[in-house]
Each structure stands twice: as C-alpha cells, then as structure tokens.
Amino acid sequence: MRIGLLGHGVVGQGVRKIIDAHQTSATAAMSVVRILVRDQSEITDERITTDPEEFFTTDMDVVVECMGGVDKPFEFVSRALSAGMGVVSSNKKLLAHKYDELQALATQRQVPLAFEAAIGGGIPWLHNLALTAQVDEVESFRGIFNGTTNYILDEMFTHGQNFDDALRGAQERGYAEADPSDDIDGHDVKYKTVLTANRIWGVSVPLEQVPALGLRHVDGRDAKWAAAHGKTIKLLGMARATNQGVMAGAMPVMLPANHLLAGIHQNFNCAMVNSNNFGEAAYYGQGAGMLPTAFAVVSDLVSVQALMVQDSFALAAPGRTVVAPMWQEAWGQNASPLSREVASVDQLVSSPAQSLEVAPMDQSALQGKYYLRPENSEDFDLLWDLVEFTRPEKLENGAILTGGVHLPLLMNSLRRAGFTTGVVGDISTLVCEVEDSSAKMVADRGLFLALVDSGLNE
Ligand SMILES: NC(=O)C1=CN([C@@H]2O[C@H](COP(=O)(O)OP(=O)(O)OC[C@H]3O[C@@H](n4cnc5c(N)ncnc54)[C@H](O)[C@@H]3O)[C@@H](O)[C@H]2O)C=CC1
Ligand SMILES: N[C@@H](CC=O)C(=O)O
C-alpha cells in the first residue's frame, strides 16, 4: 500500500519510522512514498517536498493527514478523498470542525476515512466503541482525553511543579498542540468528546453547543485544597445520551482520590464507557506523543489495507468484509473473515448503531456543584465583577467586596447571580451550586473552577 504523509512533525515522523522499520507483515506491505511539509528546513529525505502539486501527482493509495489546523488540511483531505484515496487523520480539530463535509465525501466516494489517533493517542478507543455499539446501547462515556493537561496536573499535584514549567515539559515531549491554548482551555477535549459522540450515536454535535472549561487558572492552592478534601483534579470529556438527546461537555472535575481516573498519570489517557449489557469499561494508554499516536495511525492503515483487495476500495462494498492477501499469508488460505475481525468500509466510513437527536447543551450540561477559587484571596473584586456581570441590578453597598469581605453577603450576591447553596473551605475557596451558564462566565473572568458534581459526572 502506497502512503502519502501530509506533515512530518511529531506524529508524521512516528508514522514514517514505524512503516520504514517494516517490523510486521502488515507494515512490510506498506511504504511511505511521499511526504509534504511546510518548511524547506524539514527536507531531510528524498521523499519530502514542500510542493503540494508534487505530492498529489505521486501515485498513492492512502493519504495520512498529520499537519494540524483546519483550512489547509481540509483542502488537502478533501482533494485526496475526491481522488478516491483513503484518508487516515490524527487531526481532531479538523475532524470536529468539518465532520459532516468529510464524512459525506468519504461516503460518496466509498473510501475509508479513519481517525483512531485523533482521540486518546494510541488507545484503540473508536475501535472498541464500534464493537461495543454492535452489541450494546451506549449510555454514556467520560474520561481523560488530553495528554498535555494530564501531564501538567500530574507534575503540579504529584511533583509540586508550577504550571508554566509543567507546560514546557509537555511541549518538550511533543504532547502539546502547536498552540497549547487548545489543550489548556479544554478545546482539544471538546473536539475529542464531540467526535466520539458523533461516532457512537450517529449525531453531528454542533461544536458551539458544547461547553469547554479549561485549566488556565489552576495552581498549587487548588492542589492543596483537593488533597485536604481527599480529592484530585482531572480535566474530563463527558457525554451522555438523555431523553432529550446527547449532552456533552469538557471541564475540570474534582474526583475522589481513590477514583480510577484519579490514578492516571503523566501523558496517559483513560476513556470509560457505559453500555447496557457490558456495564462500565475502561481503556487506558498513552494519549499523546510520537510513537503511541503513530501506533494508532498505523493501526488504521492496517484496517485500510485489509480493504485493499486487488486494485480498488470499491470491491469492499458497504457491509461486505474482505480478507487482504497479507492476512491470507499470515493465517493460511483457509483464513475466514469470521476468524478475525476484518475491517469493512462501513466500519471505517460511518456506521453508528444508534441515531439520536442532539440536546440543547448550553445550560443543562453546566449545571452542578462547583469549586471556585479567585486568583487573589485578598481581592474579591473579581467576585464582585461576577456579581455585576451576572445580574442586572447592582447590590446596594458595593463596599462589601472591596472593604473587607462579608461572607453571608457575598454568598447572597452569588446566589442572586445564579449560584446557590453552601460554602466549603475557607473564604478563598467556595463550593457553590451553579444553576445556569454562570460557570462559563466565571471561568472567562479568571477564576479557576472545577466541577464537583453534576448530572454529566455520575
Ligand atoms: N503530538 C501528539 O502527541 C498528537 C498530535 N495529534 C494531532 O496530529 C496533528 C499533528 O501534530 P504534530 O505532529 O504534533 O504537529 P507538528 O507541529 O509537530 O507537525 C506538523 C507538520 O505538518 C506540517 N505542516 C503544517 N502545516 C502545513 C502546511 N500548510 N503545508 C504543509 N505542511 C504543513 C509541518 O511542516 C510539520 O511537518 C495535529 O492535528 C495534532 O492535533 C494527535 C494526537 C497526538
Ligand atoms: N495535544 C494533545 C495531543 C493528542 O491528541 C494531547 O495532549 O492530548
């Protein structure tokens, strides 16, 4: 199988290395024939070019997209699919933004579009979900889907590093996005959550309806508070099928320290799914980094290769399974499609077992109990801003928050601003019920907040 690589950074180099090593009979049947990069300085091999025309006029069966971004990769991936080439991508931002267009094109051309590496790095998550959904109804999933932020939290909470140093460490190890805001502000987790929901439930969740709260303001005080209350903080992606449809979100969550997800360290991810017969299942592995991510890309290529009998993907009509020559070689002429799971175009293009509506998510997904911490515990101006920001009429005495904090009054204000119930900890940390979308506004105003409990986080 002749492969063209779009991008030769962290992931692209990993894919090229695994294929060039020809370590198994499956990878021995693959070759990387052309690689497109942005800068001349990246040309280290005669296969590498900066010229898209040279790339697309090369004879290729499959294109692997690992460039990052949305517009350019969309142009290139569309071009490859339109030309009848299969596509494997690790780019969740592209896929989440252009899901409908790309799925439609792949379906129309009957070519595979596979993206296992886009969610959970090396973890065979979509693969296992596809199997689960063929037997069970999937009720919900949640998990740690970002290696960078898990690495940052782990370094801060376990080793006492500060945020900036921990982020630098994640970048040096190749875990972070080119613009790490996507990791830190929860967008990357949102893309992965939306893509997973789309695949399981046959929906097309509009990105703008899914709340994403990140970790930009987390610091050592939060680690201390969490430890003192027998908890730890993790950034989770969560989705649930409800009577109204699919509900999804991405946000920091205070988990009990003995929770399975609380024990996930470094760049590892752990994705948990709940289905009616199997119950709760968890999939664990490295969620970012060169070789783990490239492993998932190449595992998709193995599935695509299985479709390539003789000359054409068209031979593998929807629903029909095929045995590629290399499988026959490995297991003998009598190998039956039933003796192993064999990829079909259906499985790689789109075959949701369920098909649900999308629920309005702006309000309900954010409802719950939150931990809140202002940047400066002596300065409650920010909370005052919040109070002003979330309710139309001013409090009578603006001095309460600037000239010494009066807790009952503060809580009263918060309550009127949409927060209800209780205070936990000292005056610098609050745990409040949030009844509306105030949580997003609070995060935007510079307070760190983490979900303690909500309908999504059961
Ligand atoms: N680094 C990781 O651990 C993981 C990354 N991903 C995703 O994989 C994709 C690639 O990530 P990395 O390899 O880390 O990025 P990177 O920044 O290391 O490499 C990007 C490559 O794409 C090329 N490129 C970018 N724009 C281009 C353009 N307009 N024309 C030609 N070449 C272009 C660059 O020259 C470079 O070779 C991203 O979508 C990322 O979100 C997914 C899972 C894990
Ligand atoms: N930046 C991402 C890369 C993998 O998807 C992460 O840290 O998880």
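Predicted, not measured: the structure shown is a model, and the values here were computed from it. Read the numbers this way: they start at 1 and go in the same order the structure lists the ligands and their atoms. Residue numbers run from 1 in the order of the sequence given.
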Colleague: Does even one non-hydrogen atom of G174 get within less than 4.0 Å of ligand 1?
Modeller: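 Under 4.0 Å: yes for G174.
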
Colleague: Which word best sums up how the rings of Y175 and Y151 line up, parallel for under 30°, tilted for 30 to 60°, or perpendicular for over 60°?
Modeller: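 Rings of Y175 and Y151: perpendicular, as their planes differ by over 60°.
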
Colleague: Run down the list V10, V297, T148 and name the one with the heavy atom closest to atom 14 (O) of ligand 1.
Modeller: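 Among V10, V297, T148, the closest heavy atom to atom 14 (O) of ligand 1 comes from V10.
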
Colleague: What's the spacing between E177 CD and Q171 CD if we round to 0.5 Å?
Modeller: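 Answer for the CD-CD pair, E177 versus Q171, is 11.0 Å.
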
Colleague: Measuring from atom CG of N276 to atom CG of D136, what distance do you get when rounded to the nearest 0.5 angstrom?
Modeller: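 The CG atom of D136 is 4.5 Å from CG of N276, to the nearest 0.5 Å.
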
Colleague: Between E53 and R79, does any NZ, NE, NH1 or NH2 come within less than 4.0 Å of an OD or OE carboxylate oxygen?
Modeller: yes

Colleague: Would you say A118 and ligand 1 have an N/O pair spaced under 3.5 Å apart?
Modeller: no

Colleague: Is the shortest side-chain heavy-atom distance between L291 and I18 below 4.5 Å?
Modeller: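 Contact flag for L291/I18 side chains = yes.
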
Colleague: Please say whether V11 places an N or O atom under 3.5 Å from an N or O atom belonging to ligand 1.
Modeller: yes

Colleague: Under 4.0 Å between a side-chain nitrogen and a carboxylate oxygen: does that hold for D179 and K93?
Modeller: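 Salt bridge absent between D179 and K93.
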
Colleague: Can a non-hydrogen atom of M290 be found less than 4.0 Å from any atom of ligand 1?
Modeller: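 No, M290 has no heavy atom closer than 4.0 Å to ligand 1.
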
Colleague: Out of all atoms in ligand 1, which are within 4.0 Å of some heavy atom of E177? Include the element for each.
Modeller: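 Ligand 1 atoms under the 4.0 Å threshold to E177: 40 (C), 41 (O).
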
Colleague: Please indicate whether any nitrogen or oxygen in D39 is less than 3.5 Å from any nitrogen or oxygen in ligand 1.
Modeller: no

Colleague: So if I count the atoms of ligand 1 from 1 in the order they appear, which ones are less than 4.0 Å from some heavy atom of N91?
Modeller: 39 (O)

Colleague: Does anything in residues 282-292 form a side-chain hydrogen bond (donor to acceptor under 3.5 Å, both in side chains)? List the pairs, not counting sequence neighbours.
Modeller: N267-Q286

Colleague: Under a 3.5 Å threshold, I'd like every N/O contact between ligand 2 and protein atoms, with atom names and distance.
Modeller:
| unit_1 | atom_1 | unit_2 | atom_2 | d |
| --- | --- | --- | --- | --- |
| ligand 2 | 1 (N) | Y175 | O | 2.7 |
| ligand 2 | 1 (N) | E177 | OE2 | 2.7 |
| ligand 2 | 1 (N) | D183 | OD1 | 2.7 |
| ligand 2 | 5 (O) | K92 | NZ | 2.6 |
| ligand 2 | 5 (O) | K192 | NZ | 2.8 |
| ligand 2 | 7 (O) | G147 | N | 3.3 |
| ligand 2 | 7 (O) | T148 | N | 2.8 |
| ligand 2 | 7 (O) | T148 | OG1 | 2.6 |
| ligand 2 | 7 (O) | Y175 | O | 3.0 |
| ligand 2 | 8 (O) | N146 | ND2 | 3.4 |
| ligand 2 | 8 (O) | G147 | N | 2.7 |
| ligand 2 | 8 (O) | K192 | NZ | 3.1 |

Colleague: What's the spacing between M67 CE and S89 OG if we round to 0.5 Å?
Modeller: 10.0 Å

Colleague: Indicate yes or no: does an N/O atom of K72 lie under 3.5 Å from an N/O atom of ligand 1?
Modeller: no

Colleague: Pairing donors with acceptors under 3.5 angstrom, does anything connect the side chains of D185 and S181?
Modeller: no

Colleague: So, does A117 sit close enough to ligand 1 that a heavy atom of it is under 4.0 Å from the ligand?
Modeller: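 So A117 counts as touching ligand 1.
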
